[in-house]
There are 2 protein chains.
Amino acid sequence: MTYVTAVLDALGDPTRRAIFERLHGGARAVGEIARDVPVSRPAVSQHLRVLKSAGLVTDRADGTRRLYSVSQEGLAALRAYLDDFWEQALTGFKAAAERGGKS
Amino acid sequence: MTYVTAVLDALGDPTRRAIFERLHGGARAVGEIARDVPVSRPAVSQHLRVLKSAGLVTDRADGTRRLYSVSQEGLAALRAYLDDFWEQALTGFKAAAERGGKS
DNA sequence: CAGTTACGTAAGTCATCACTTACGGTAAGT
DNA sequence: ACTTACCGTAAGTGATGACTTACGTAACTG
């Protein structure tokens with residue numbers, strides 16, 4: 001829930017979105033991702049750390065490699081945030097409408 | 001739909017989120033928002049411009065004031081993006097599972 | 001037990017962007 | 001017409017953070 005700050009922060013960077021979106025096909029290794037993206041491998045590692053701390057990805061070891069895959073909780077938190085916000089916006093709008101015109 | 005880049009970019013800033021969230025109760029003026037947030041009024045104006053170009057808010061004139069309120073399209077685009085991403089992630093996961101172990 | 005592969009982290013640089021002050025413009029009030 | 005209130009924009013500055021190179025570590029291979 002108050003994950004959302006980290007989630008939106010993480011998804012706020014274009015490179016990080018690119019990295020995150022390359023994971024929707026399944027688990028991938030760091031160097032493998034780095035080949036598809038115009039930044040160095042360490043940069044990818046750093047981005048993955050941010051994505052991980054936001055609950056958007058999980059990692060597991062596979063020999064010398066490290067596989068990253070999409071995690072549910074980050075997106076779930078974001079969705080909950082959107083739902084909540086939208087609901088509050090609706091009730092706020094309704095209340096304003098019932099008050100009549102404007103303030 | 002490819003609004004989403006701008007939407008996530010806009011929501012990626014904490015101050016902008018704070019401003020955006022103060023709008024869920026109904027339309028508010030710029031100076032009114034600026035009082036609740038620890039930045040100057042011009043800064044709020046600039047943030048509102050970003051939020052507007054992302055389809056997250058709309059504005060209308062009210063005398064010398066300018067009222068900003070939540071817009072639906074930005075959040076709708078974001079939700080569509082999430083849905084799409086999640087669906088692709090699921091099918092990708094399923095395909096990987098049906099392939100057996102790993103690559 | 002070297003050598004190789006794959007990765008994370010540290011340190012430093014550079015660019016982006018958030019913020020401020022200053023200014024101009026429009027609408028309402030006197 | 002003058003003043004006041006409210007706002008957007010321009011220009012310049014400062015700080016955050018994205019990126020690179022260099023280094024150290026863990027696991028597989030011969």
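Throughout, protein chains are lettered first and strands after them, A, B, ... in sequence-line order, and every chain is numbered starting at 1.
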Legend entry - 5' precedence on DNA chain D between A:Gly63 and B:Thr64 (nearest-nucleotide basis): B:Thr64
Legend entry - Euclidean distance, atom CG of residue B:Asp9 to atom P of C:dA18 [Å, nearest integer]: 8 Å
Legend entry - Between P of D:dA18 and CZ of A:Phe20, the distance in whole Å: 16 Å
Legend entry - Closest nucleotide among C:dC7, C:dA28, D:dC7 to the A:Val30 side chain: C:dC7
Legend entry - Sidechain-backbone polar pair: B:Arg17 side chain, B:Leu11 backbone, donor-acceptor under 3.5 Å: yes
Inset, instruction - Starting from P on C:dT26, measure out to CZ on B:Arg66 and report it in whole angstrom. - result: 13 Å
Legend entry - Between B:Phe20 and A:Phe85, ring centroids under 6.0 Å: yes
Inset, instruction - Check whether any side-chain heavy atom of B:Val7 sits under 4.5 Å from a side-chain heavy atom of B:Leu56, and report yes or no. - result: yes
Legend entry - Atom pair distance, as rounded to whole Å: CG in B:Leu11 and P in C:dA18: 12 Å
Inset, instruction - Give a yes/no answer on whether the side chain of A:Tyr68 brings an N or O atom under 4.0 Å of OP1 or OP2 in C:dG8. - result: yes
Inset, instruction - May I ask you to decide whether B:Asp84 forms a salt bridge with B:Arg79, counting only side-chain N to carboxylate O separations under 4.0 Å? - result: no
Legend entry - Nearest atoms (heavy-atom pairs only) where B:Val44 meets B:Ile33: CG1-CG2, 4.1 Å
Legend entry - Residues from residues 39-55 of chain A lying under 4.0 Å of DNA chain C - heavy atoms: A:Arg41, A:Pro42, A:Ser45, A:Gln46, A:Arg49
Legend entry - Residue-phosphate contact under 4.0 Å: B:Arg16 side-chain N/O, C:dA18 OP1/OP2: yes
Inset, instruction - For B:Ala29, report the nucleic acid contact type (base, sugar-phosphate, nothing); a contact means any heavy atom under 4.0 Å. - result: sugar-phosphate
Inset, instruction - Whole angstrom is fine here: how far is it from CZ in A:Arg60 over to P in D:dA26? - result: 22 Å
Inset, instruction - Let me know the distance between CG of A:Asp13 and P of D:dG17, rounded to the nearest Å. - result: 11 Å
Inset, instruction - Take the C1' atoms of the five end pairs on each side of the helix from C:dC1-D:dG30 to C:dT30-D:dA1, get both axes, and report the angle to 10 degrees. - result: 20°
Legend entry - Electrostatic pair B:Arg49-B:Asp59, nearest N-O below 4.0 angstrom: no
Inset, instruction - Measure from the side chain of A:Thr15, starting at C-beta and using heavy atoms only, and say which of D:dA18, D:dC19, D:dA27 lies closest. - result: D:dC19
Legend entry - Whole-Å gap separating P (C:dT5) and CZ (A:Arg35): 12 Å
Inset, instruction - Examine distances only and state if a side-chain atom of B:Asp62 and a backbone atom of B:Arg65 form a donor-acceptor pair shorter than 3.5 Å. - result: no
Inset, instruction - Apply the side chain to side chain contact (heavy atoms under 4.5 Å, CB included) test between A:Arg16 and each candidate in A:Glu21, A:His47, A:Gln46; give the one that qualifies. - result: A:His47
Inset, instruction - Could you tell me the separation between the CG atom of A:Asp62 and the P atom of C:dT5, rounded to a whole number of Å? - result: 17 Å
Legend entry - Side chains of A:Trp86 and A:Leu90 in contact at under 4.5 Å (non-hydrogen atoms): yes
